[in-house]
Asks: 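Could you have a look at this structure, given as structure tokens, before my questions?
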Number of protein chains: 2
Amino acid sequence: MAKTRRERVRAETTIEIKEVALQQMAQQGAASLSLRSIAREMGMSAPALYRYFPDRDALVTALIVDAYNSLADSLEAANDGQDVGNYNGRFRAVAQAYRNWALAHPAEYALIYGTPIPGYIAPRDETVMPAARTNLVIGFILNEAAQAGKLTIPDAYFHASPDLQAVLDELAAMIPEEDVLSAGVLLTIYIFSRLHGLVWGELDEHFAPKIADSGELFEIEISEICDRLKL
Amino acid sequence: MAKTRRERVRAETTIEIKEVALQQMAQQGAASLSLRSIAREMGMSAPALYRYFPDRDALVTALIVDAYNSLADSLEAANDGQDVGNYNGRFRAVAQAYRNWALAHPAEYALIYGTPIPGYIAPRDETVMPAARTNLVIGFILNEAAQAGKLTIPDAYFHASPDLQAVLDELAAMIPEEDVLSAGVLLTIYIFSRLHGLVWGELDEHFAPKIADSGELFEIEISEICDRLKL
DNA sequence: AATAAAAAGTTTACACTGTTAACTAATTAA
DNA sequence: TTAATTAGTTAACAGTGTAAACTTTTTATT
């Protein structure tokens, strides 16, 4: 049975709230998110928003989930645009897509990886799933390349203690799609953290001015990663 | 001539404001910084704080400058605790000190590298200097090791375009203490960004639960960095 | 020592925030 | 057509940063 008219209009309003929120965040920074301001722009009273989100944090969580999915979509699209066997191409494309998405959606990126909303703490059980999607894109590439002998995992990543090894194995076991090496899990964590450090530094302007503008800073490090992994 | 009584008490009050601010941030998160709350705890009215800081942002900037200096002090102390010629030991010690400081001062770390204060944007001219101190500690180690032939800069870092090369040379020229390789500047940026990505991921809990708790995750990546650099 | 000047601190007020309670208007279901 | 559900309203509370006007305390000068 089709959705009732009421359900439809409710879903539309929910989407509009999020759209206005994103738009305002894009204009005035992620921190400027304000229920009253959203309501004002939508021509309704602020408390009315509480029919759609129990409180501000719930709206933030919804925005974060959307952002994660949007990022994951971008990464997956970049991955799918390359030949499956071209691991180097897939990795480079996904890495670039990661940076591009962050530059195109700085407010959402800050929402995901920063802490721009005072007092907000992300409820892990809601955000883990969509967050994992992004990690998996890179994880699969690296793991598949490793399995195909087209990537060399650095020696240090095989020297985890039994304790850490157990945690890694547990994580690897959670992925049914492939046979995942626990050293590959470690590698994925490190690579992702590395990409994140670069992009965050660029967005938050840790680096000297102009140095990251061109994207060459990012590209060189990607090349170094590929060199190191013989990818 | 000695400072007048008034100047002394003023300096003390200024320090107390910052101390209370840090203490509250440590307890309730960096975002909870509130002038009124600080004033309340100090037993004075909120507008009185404006005699010491022109506005909230100025207080935040002062806290950031202090935090940068505190971090730099820790890194320098770690560096000085090692033999000058022991580049590997110096690098490892400084890297560990970096992580330790971040774990011991999470609110200040978030203040420096995150964006926890709504609407606040750091005035570069005030923060660049103390921020540079931290970068220089690692930069010197890497550069000295490279000059001594005890470190191999990855090939990719020598392939910057003329434009980027110019920016790097400019940066290198700003450091009169040593003969700085432009590829070394690049290396320093990358290494720092990498450390930051790791620590931020640990603090902000990007990784799976428990995975970073022991510090082994960090140590393994430090080892891999040393391996890669033949350090 | 008395007085003028400067600094520090106070209260009051404004505009903003998220959120709750009580109430009304609109839509859907019986 | 009536009853129930949902969506939206206004009013209010507690909190925020900050400006203006005023008072108290400390220092400097006559």
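Protein chains get the first letters and strands the later ones, always in sequence-line order, with residue 1 at the start of each. These figures come from a predicted structure and were not determined experimentally.
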Asks: Any idea which of C:dT17, D:dT18, D:dT16 is nearest the B:S37 side chain?
Replies: D:dT16
Asks: Can I get a per-line list of side-chain donor-acceptor pairs under 3.5 Å for residues 42-51 of chain B, giving both atom names and the distance, sequence neighbours left out?
Replies:
none

Asks: Rounded to whole angstroms, how far apart are CD1 on B:I117 and P on D:dT16?
Replies: 13 Å
Asks: Using nucleotides 6-13 of chain C, report all nitrogen or oxygen pairs with the protein that are shorter than 3.5 Å.
Replies:
residue, atom, partner, partner atom, Å
C:dA8, OP1, B:R10, NE, 2.9
C:dA8, OP2, B:R10, NE, 3.4
C:dA8, OP2, B:R10, NH2, 3.4
C:dA8, N7, B:R51, NH1, 3.2
C:dG9, OP2, B:Y52, OH, 2.6
C:dG9, N7, B:R51, NE, 3.0
C:dG9, O6, B:R51, NH2, 2.3
C:dT10, OP2, B:S45, N, 2.8
C:dT10, OP2, B:S45, OG, 2.8

Asks: Would you mind listing every side-chain hydrogen bond (donor to acceptor under 3.5 Å, both in side chains) that reaches into residues 191-201 of chain B, with sequence neighbours excluded?
Replies: B:Y109-B:H196, B:R194-B:E221
Asks: May I have the list of side-chain donor-acceptor pairs in residues 11-21 of chain A shorter than 3.5 Å, sequence neighbours left out?
Replies:
residue, atom, partner, partner atom, Å
A:T13, OG1, A:V9, O, 2.8
A:T14, OG1, A:R10, O, 2.8
A:K18, NZ, A:D66, OD2, 2.9

Asks: Taking only side-chain nitrogens and oxygens of B:R40, does any of them come within less than 4.0 Å of OP1 or OP2 of D:dG15?
Replies: no
Asks: Would you kindly give the CG-to-P distance between B:L33 and D:dT18, to the nearest whole Å?
Replies: 11 Å
Asks: Rounded to the Å, how far apart are B:Y50 OH and D:dA19 C1'?
Replies: 9 Å
Asks: Distance check needed: D:dT26 C1' versus B:R8 CZ, whole Å only.
Replies: 13 Å
Asks: Rounded off to whole Å, could you give me the CD-to-P distance for the A:E41 and C:dT17 pair?
Replies: 13 Å
Asks: Output all residues satisfying side chain to side chain contact (heavy atoms under 4.5 Å, CB included) with B:Q23, sequence neighbours left out; order by chain, then residue number.
Replies: B:Q27, B:E41
Asks: What is the distance, rounded to the nearest whole Å, between atom CD1 of A:I38 and atom C1' of D:dG8?
Replies: 17 Å
Asks: So, using salt bridge (charged side-chain N to carboxylate O under 4.0 Å, His left out) as the criterion, who are the partners of B:D55 when residues are at least two apart?
Replies: none
Asks: Using atom CD of A:Q28 as one end and atom C1' of C:dT17 as the other, report the distance to the nearest whole Å.
Replies: 14 Å
Asks: On the 0 to 90° scale, with breaks at 30° and 60°, tag the A:F192-A:Y98 ring pair as parallel, tilted or perpendicular.
Replies: perpendicular
Asks: Just how far, in rounded Å, is P of D:dG15 from CZ of B:R56?
Replies: 19 Å
